[in-house]
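Step one of this worksheet: look at the structure below.
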Amino acid sequence: MPLDHHPDHVPVPKRRFEYDHFQIRTLTPHIGAEIRGLDLSTPLSDEEHKELRRALHDWMVLVFPEQALNADQHKDLGRRFGDLHVHPQLRGAKIPHPEILPVHTNADSPFTPGDGWHADVTCEEIPLWGSMLYIRETPTCGGGDTLYANMYMAYELLSDPIKGLLEGLSAVHDGAGPYSEQQAMGIGLPTPGEEFPSCEHPVVVRHPDTGRKLLYVNSAFTTHIVGLSAAESRGLLDLLFHHIASTHKLHCRVHWAPNTLTFWDNLCTQHHAIWDYYPHSRVGGRVSILGQARPSA
Ligand code: SIN
């Protein structure tokens with residue numbers, strides 16, 4: 001006889017396992033699906049577009065293997081879902097595709113982008129709601145996978161007293177931390193005369209499309225919780241970051257073959273690129289899609 005309620009499990013929302021315009025294979029019961037049956041280099045029909053949005057709401061991370069995309073097709077695909085974001089490190093850069101953030105790592109790289117739990121560029125006032133990473137070359141030794149985590153479930157698994165404590169709190173997300181470290185290595189500069197973005201977001205926000213609550217702090221950008229002492233803020237953020245990193249049922253792991261595109265909802269997920277392939281190379285680029293409004297509780 002199943003228990004009515006188990007403190008380590010949360011009710012699973014209704015999701016679809018079958019769609020009319022493509023086939024899916026789920027990566028875990030809680031997050032991630034591989035999609036086959038669509039050619040992303042050609043424009044999506046209205047029905048395909050609508051179903052893909054639905055699948056993104058259901059599974060949060062969609063993996064499309066065996067896609068042949070050039071830079072324009074990658075950008076066109078992103079634009080089908082909204083305006084494209086230009087990364088703060090590429091604003092003003094004289095490059096052919098400033099909307100595509102290069103994600104290249106090789107034997108000369110001092111770091112790999114995204115090697116730690118984060119959501120992309122949450123230091124922007126209007127954050128990115130989605131990102132599409134296209135990996136063209138994978139390490140010949142294997143590895144270079146990406147972990148993703150479900151932030152609805154991260155919130156739902158918190159106990160009621162901790163949920164109550166987070167209610168009404170907001171936190172500062174600052175680009176200066178991750179980006180100035182990279183700048184010191186000579187990588188990526190902000191627009192001349194401009195600072196890296198920084199802003200405040202609620203610690204718990206509601207997804208504008210699904211209406212569900214999710215945990216919205218991440219270890220790359222969130223520096224402190226407003227109104228708490230430095231020690232309280234550090235303690236509470238560390239508790240939440242540990243919860244996100246160590247609760248494995250929140251996670252799925254995307255294994256990239258060459259020419260795979262992964263599309264994730266950047267509000268309700270976080271991700272972590274695994275750099276286990278040094279000195280081998282991994283090559284790709286990311287297009288990100290702007291949200292419509294500031295995240296709200
Ligand atoms: C990123 O943070 O967008 C990069 C993720 C990856 O390289 O897998």
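Just follow the structure's listing: the first ligand is 1, and inside any ligand the first atom is 1. Excluded from the calculations below are hydrogen atoms, water molecules and symmetry mates; all remaining heavy atoms, backbone and side chain alike, are included. Here the structure is a predicted model, which means the values were calculated and not measured.
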Practice item. Heavy-atom contacts with Ala273 under 4.0 Å: which atoms of ligand 1 show up? List them by number with element. Key: 5 (C), 6 (C), 7 (O), 8 (O)
**Study point:** Location of contacts on Asp120 toward ligand 1, heavy atoms closer than 4.0 Å
**Key:** side chain
Check your understanding: How about Glu51 and His21: does a side-chain donor come under 3.5 Å of a side-chain acceptor?
Key -> yes
Practice item. Consider every N or O of Thr146 and every N or O of ligand 1, then say whether any pair is closer than 3.5 Å. Key: yes
Review point. Under 3.5 Å, is there a donor-acceptor pair linking the side chains of Thr146 and Trp256?
Key: yes
Check your understanding: For the rings on His30 and Tyr152, is their centre-to-centre separation under 6.0 Å?
Key -> no
Exercise for review: Indicate whether any N or O donor in one side chain lies under 3.5 Å from an N or O acceptor in the other, for Asp120 and Ser131.
Suggested key: yes
Practice item. Please report which non-hydrogen protein atom sits nearest to atom 5 (C) of ligand 1, along with the residue it belongs to and the distance in Å to one decimal place. Key: Leu133 CD2, 3.8 Å
Check your understanding: Do Arg282 and ligand 1 have an N or O pair less than 3.5 Å apart?
Key -> yes
Check your understanding: Nearest to atom 4 (C) of ligand 1, what protein heavy atom do you find, and at what distance?
Key -> Pro113 O, 3.8 Å
Practice item. Could you tell me if the ring centre of His118 sits under 6.0 Å from that of His271? Key: yes
Point to revise | Test: Asp58 and Arg16 ion pair at under 4.0 Å | key: no
Exercise for review: Number the atoms of ligand 1 from 1 as they appear, then name those within less than 4.0 Å of a heavy atom of Gly114, with their elements.
Suggested key: 2 (O)
Check your understanding: Considering only protein heavy atoms, which is closest to atom 3 (O) of ligand 1, and at what distance to one decimal place?
Key -> Arg286 NH1, 2.8 Å
Check your understanding: Which of the atoms of ligand 1 are close to Val103, meaning less than 4.0 Å from one of its heavy atoms?
Key -> 7 (O)
